[in-house]
Amino acid sequence: MSGHLSALNKQSYSTRDLVYDTLKQQILSLQLPPGTAISEKEIALDFQVSRTPVRESFVRLAQEGLLEVYPQRGTYVSLIQLDLVEEARFMREQLERAVIRLSCAQFPEEQMLALEHNLAEQQQCLSEPDDERMFQLDEEFHSTLFAGCNKSNTWTVIQQMNVHLNRSRMLRLSSDHHWDHLIEQHRSMVQAIQQHDAEKAERLMQEHLYLTVTDLAVLRSTYPSYFQ
């Protein structure tokens, strides 16, 4: 973990933020899988900091549902809760269907170019698979849609509910590198926006986000210890 610390700008972060941000990223990327036991002492030694910023980080991560603290038993990375995955997916579906309809009415050229560049990078991930990079590009694709409709604050709110959903998405990307269908759906959405075809774009977005439901059954069967 200490390698991640050196990659961050120490001057722009407090020690607490460094520990928090790094641990959160490791949990969301499944470097720290669901159910993993972690301790303040070990984390403090790894980051070469006192236990106070580690304890504060643990509290924040627990509040976000990423850690479970059991008195006298220890602290564990939380299991993925299916009901919270579904609730986050439901919220994203309603908002993203609305946003992509807005995108079809009017979408800035700058953001359109960003989407096309994003698609090219997604395509590159097919020949050079990188789970974390593909997840990041997927996130950037959807956040660009919100930015193009002046709804970036809405995207920020969505992220507050996404922690369990994002871990299931990351698990799906890492367990199956056949991302062709995912990328093709993104490409078709861009084409629908360019053609101002709101009905098609909304249908594509609904189908795209519904993949989470069908994937969950497979993931739960393959990784039963990761789910609550």
Query raised in the report: Charged N to carboxylate O below 4.0 Å: is that the case for Arg169 and Glu139?
Result: yes
Query raised in the report: So, for Phe107 and Gly148, which heavy atoms are closest and what is the spacing to 0.1 Å?
Result: CE1-CA, 3.7 Å
**Report entry** Heavy-atom side-chain contact between Leu66 and Leu28 under 4.5 Å
**Finding:** yes
Query raised in the report: Given Asn153 and Thr156, is the side-chain hydrogen bond (donor to acceptor under 3.5 Å, both in side chains) satisfied, shown in steps?
Result: CA-CA 5 Å; Asn153 288 332; Thr156 300; 4.9 Å; no
Requested in this report: Determine, using the 4.5 Å side-chain heavy-atom cutoff (strictly less than), whether Met170 and Tyr223 are members of one ILVMFWY cluster.
Outcome: yes
Query - Inter-residue atom distance Arg167.CZ - Leu84.CG, 0.5 Å rounding - result: 10.0 Å
**Report entry** ring-ring contact (aromatic ring centres under 6.0 Å, His included) assessment of His208 paired with His142
**Finding:** CA-CA 11 Å; His208 179 66; His142 290 269; 5.2 Å; yes
Report task. Could you tell me the separation between the CD atom of Glu96 and the NZ atom of Lys151, rounded to the nearest 0.5 Å? Result -> 13.5 Å
Query - Salt bridge present between Arg97 and Glu93 (N-O < 4.0 angstrom) - result: yes
Query - Arg220 charged N/C atom sitting above Phe227 aromatic ring, 6.0 Å / 45° - result: no
Report task. State whether a side-chain donor-acceptor pair under 3.5 Å links Gln124 with Glu128. Result -> yes
Query raised in the report: Just how far is it from atom OG of Ser188 to atom CD of Gln195, taken to the nearest 0.5 Å?
Result: 9.5 Å
Query raised in the report: Side chains of Gln123 and Leu119: closer than 4.5 Å at any heavy-atom pair?
Result: no
Query raised in the report: Tell me, do Leu23 and Leu61 make a side-chain contact under 4.5 Å, heavy atoms counted?
Result: yes
Query - Side-chain heavy atoms of Trp155 within contact of Leu145, under 4.5 Å - result: no
Report task. Consider only side-chain N and O atoms of Glu86 and Gln81, and report whether a donor and an acceptor are under 3.5 Å apart. Result -> no
Query raised in the report: If you measure from CD on Gln111 to SG on Cys149, what distance do you get to the nearest 0.5 Å?
Result: 9.0 Å
Requested in this report: Nearest 0.5 Å please: distance from the CD atom of Gln136 over to the CG atom of Asp130.
Outcome: 9.0 Å
Requested in this report: Grab the two heavy atoms, one from Leu79 and one from Ser225, that are nearest each other, plus how far apart they are.
Outcome: CD2-O, 3.2 Å
Requested in this report: May I ask you to check whether Gln25 and Asp21 show a side-chain donor-acceptor distance below 3.5 Å?
Outcome: no
Report task. Please tell me if the side chains of Thr15 and Glu56 come closer than 4.5 Å, counting only heavy atoms from C-beta onward. Result -> no
Query raised in the report: Do Arg172 and Leu216 have side-chain heavy atoms sitting under 4.5 Å apart?
Result: no
Requested in this report: For the pair Glu207 and Arg203, find out whether any cationic side-chain nitrogen is under 4.0 Å from an anionic carboxylate oxygen.
Outcome: yes
Query raised in the report: Any link between Ile27 and Val19 through a network of hydrophobic side chains (Ile, Leu, Val, Met, Phe, Trp, Tyr) touching at under 4.5 Å?
Result: yes
Query raised in the report: Roughly how far apart are Glu40 CD and Phe58 CZ, rounded to 0.5 Å?
Result: 6.0 Å
Query raised in the report: Do the side-chain N and O atoms of Asp138 and His186 include a donor-acceptor pair separated by under 3.5 angstrom?
Result: yes
Query - Polar contact flag, side-chain donor to acceptor under 3.5 angstrom, Tyr20-Glu64 - result: yes
Query raised in the report: Can you find a pair of side-chain heavy atoms, one from Leu219 and one from Tyr226, that are under 4.5 Å apart?
Result: no
Query - Within 6.0 Å of CD in Gln94, more than 12 heavy atoms from elsewhere - result: yes
Report task. For Thr75 and Tyr70, run side-chain contact (heavy atoms from CB on, under 4.5 Å): C-alpha distance rounded to whole Å, both residues' side-chain angles, the deciding distance at 0.1 Å, then the answer. Result -> CA-CA 6 Å; Thr75 300; Tyr70 300 100; over 6 Å; no
